[in-house]
Q: 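Encoded as structure tokens, here's the structure I'll be asking about.
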Amino acid sequence: MSNALLEEKKDLEVFGYKKFQLTDLPVKNFDLDLLKITEEFDKLPVDTYSLESHRYRRYSRAIINPWDTHFEWLPNHYDENGQAQSLYFQGSFNTEYLKEYRAFPSLSEEIKDNELLKEIIKYDYKETFWNTHDKLLPIHVGVHFVKYMVTEDHQESVASPNNMHQDGEPFTFVHLVTYKNVVGGTSTVGTTSCAGLKREEVDENLILDEFDLKYPLDSYGVCDQKVSHYVKGVKKGKESRPAERGVLLIDFTPTVIAIT
């Protein structure tokens, strides 16, 4: 492992977050694969759970083995109309959907085969850290394609939840893919005591970092136990075209066996 990678890993473990850029992953057709990932954002369906939020998304689930980093997508769930879906659950961590399962359209089979996407997931996983018991079973991987897009000047596209929060998954990574005519979209990382507060309610002394992702594969990761985070809503810039911010969200959760 390179010294740079060791330093990034230390940042995540010690400070609870890290910023990085992924442009040198060992993928033969890097540019073509990135183009295909980018094109996938043009096909995202609207998030029907919150039409007023102007979000578009797909989501699929996978597992990765700690002992050999073997990666495998989990089967889709199918609704009564035969549409492929994947279930998502955040327990008590998202107050907008408290202990509620949401079913999002699954990623396309074509994009699941994308080598760059799989290498991004594996890279993120190698940055995580676990106790001995967590590494005895596969790690669950959640992969979201999320687009924040508005077409009118008065509109704003916001994340869920739209405040400082923790996700419930031990690790979450954010990778920018598309960024067009955007005002907003600023990422904020704060202490865990900020969770549940709106950005304007937070004591500035509790803010650890604030930054904009602007270029393809600008990225950051957070350790959920150590920090809270937030992304500002997206509005249109000065151009006439829509505002669009598309990100990959990749989270990791241990497999838990509970006998009651």
Side-chain angles (χ1 to χ4, degrees), residues 1-9 11-12 17-45 55-64 69-73 84 86 104-128 141-150 157 171-187 211-222 231 234 236-237 239-252:
M1 187 179 293
S2 70
N3 289 336
L5 192 56
L6 282 170
E7 187 62 32
E8 288 175 353
K9 196 178 186 79
D11 286 348
L12 185 61
Y17 78 101
K18 71 162 191 172
K19 297 179 289 186
F20 57 103
Q21 226 282 347
L22 291 179
T23 55
D24 57 355
L25 292 175
V27 177
K28 182 178 180 181
N29 298 307
F30 186 101
D31 291 339
L32 179 59
D33 281 3
L34 180 56
L35 176 61
K36 290 185 179 299
I37 291 174
T38 303
E39 291 174 343
E40 194 75 4
F41 283 85
D42 294 331
K43 310 170 192 174
L44 294 184
R55 287 194 304 269
Y56 302 76
R57 69 193 304 163
R58 288 186 180 274
Y59 169 71
S60 283
R61 305 164 66 204
I63 55 172
I64 192 165
T69 66
H70 169 73
F71 176 82
E72 182 177 343
W73 294 102
S86 295
F104 295 120
S106 298
L107 302 183
S108 69
E109 295 306 310
E110 179 183 4
I111 207 66
K112 287 181 181 179
D113 286 335
N114 187 287
E115 288 302 316
L116 176 57
L117 175 60
K118 288 187 277 190
E119 286 300 319
I120 291 171
I121 294 167
K122 290 180 180 179
Y123 179 97
D124 289 350
Y125 171 71
K126 290 176 182 177
E127 292 300 294
T128 63
V141 186
V143 182
H144 308 249
F145 277 55
V146 182
K147 178 171 66 176
Y148 307 92
M149 186 178 76
V150 295
S157 179
F171 299 96
T172 299
F173 293 84
V174 181
H175 305 279
L176 185 74
V177 179
T178 65
Y179 189 84
K180 305 172 185 177
N181 194 32
V182 169
V183 171
T186 299
S187 298
F211 50 90
D212 292 310
L213 307 178
K214 290 188 175 181
Y215 303 102
L217 299 186
D218 278 354
S219 309
Y220 77 99
V222 295
V231 62
V234 167
K236 279 183 65 176
E239 302 173 35
S240 59
R241 62 176 175 166
E244 176 184 330
R245 182 180 186 269
V247 293
L248 294 175
L249 303 178
I250 301 172
D251 57 64
F252 298 90

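By convention here, the first residue in the shown sequence is residue 1.
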Q: Relative to each other, are the rings of F171 and F173 parallel, tilted or perpendicular (30° and 60° limits)?
A: parallel
Q: State the OG-CZ distance between S60 and F104, to the nearest 0.5 angstrom.
A: 11.5 Å
Q: Return the minimal non-hydrogen interatomic distance between W73 and R61, and the atom names on each side.
A: CE3-O, 3.5 Å
Q: What closest approach, in Å, do K236 and V183 show between heavy atoms, and which atom pair accounts for it?
A: O-CG2, 3.6 Å
Q: For Q21 and P216, which heavy atoms make the closest approach, and how far apart are they?
A: NE2-O, 2.7 Å
Q: Under 6.0 Å between ring centres, would you say that holds for F211 and Y220?
A: yes
Q: Quick check for you: to the nearest 0.5 Å, what is the distance between K118 atom NZ and I64 atom CD1?
A: 11.5 Å
Q: Does the side chain of Y125 come within less than 4.5 Å of F252's, by heavy atoms?
A: yes
Q: Is it the case that the side chain of D11 and the backbone of K18 share a donor-acceptor pair, with hydrogens and angles ignored and the cut-off at 3.5 Å?
A: no
Q: Quick one: do D218 and H175 satisfy side-chain hydrogen bond (donor to acceptor under 3.5 Å, both in side chains)? Show the steps, please.
A: CA-CA 6 Å; D218 278 354; H175 305 279; over 6 Å; no
Q: Check whether any side-chain N or O of R55 sits under 3.5 Å from a backbone N or O of Y148 as a donor-acceptor pair, and report yes or no.
A: no
Q: Is the positively charged end of K147 above the ring of F41, judged by distance under 6.0 angstrom from the centroid and angle within 45° of the axis?
A: no
Q: Atom CG in L35, atom CD in E40: separation rounded to 0.5 Å?
A: 11.5 Å
Q: OG/S187 to CG/L213 distance, rounded to the nearest 0.5 angstrom?
A: 4.5 Å
Q: I'd like to check I37 versus L117 (side-chain heavy atoms, cut-off strictly below 4.5 Å). Are they in contact?
A: yes
Q: Could you tell me the separation between the OG atom of S108 and the CZ atom of F145, rounded to the nearest 0.5 Å?
A: 7.5 Å
Q: Looking only at non-hydrogen atoms, find the nearest pair between I111 and L107 and report the distance.
A: CG2-CB, 3.7 Å
Q: Knowing that exactly one of E115, E110, E109 qualifies, which makes a salt bridge (charged side-chain N to carboxylate O under 4.0 Å, His left out) with K112?
A: E109
Q: Got a sec, which residues hit side-chain contact (heavy atoms from CB on, under 4.5 Å) with L25, two or more places apart in sequence or on another chain?
A: L22, V27, F30, L116, E119, I120, Y123
Q: For K36 and N114, work out which heavy atoms get closest and say how close.
A: CB-ND2, 3.9 Å
Q: I'd like to know if the side chain of S219 reaches the main chain of L217, judged simply by a donor and an acceptor atom lying under 3.5 Å from each other, with no hydrogens or angles considered.
A: yes
Q: I'd like to know if the side chain of N29 reaches the main chain of L32, judged simply by a donor and an acceptor atom lying under 3.5 Å from each other, with no hydrogens or angles considered.
A: no
Q: State, to 0.1 Å, how close R57 and P105 come at their nearest heavy-atom pair, and which atoms those are.
A: O-CD, 4.2 Å
Q: For residues 239-251, run the donor-acceptor check on the side chains, cut-off 3.5 Å, and write out each pair with its distance to 0.1 Å, sequence neighbours left out.
A:
unit_1 : atom_1 : unit_2 : atom_2 : d
E239   : OE1    : R241   : NE     : 2.6
E239   : OE1    : R241   : NH2    : 3.3
E244   : OE2    : T178   : OG1    : 2.9
D251   : OD1    : G142   : N      : 3.2
D251   : OD2    : H144   : NE2    : 3.3

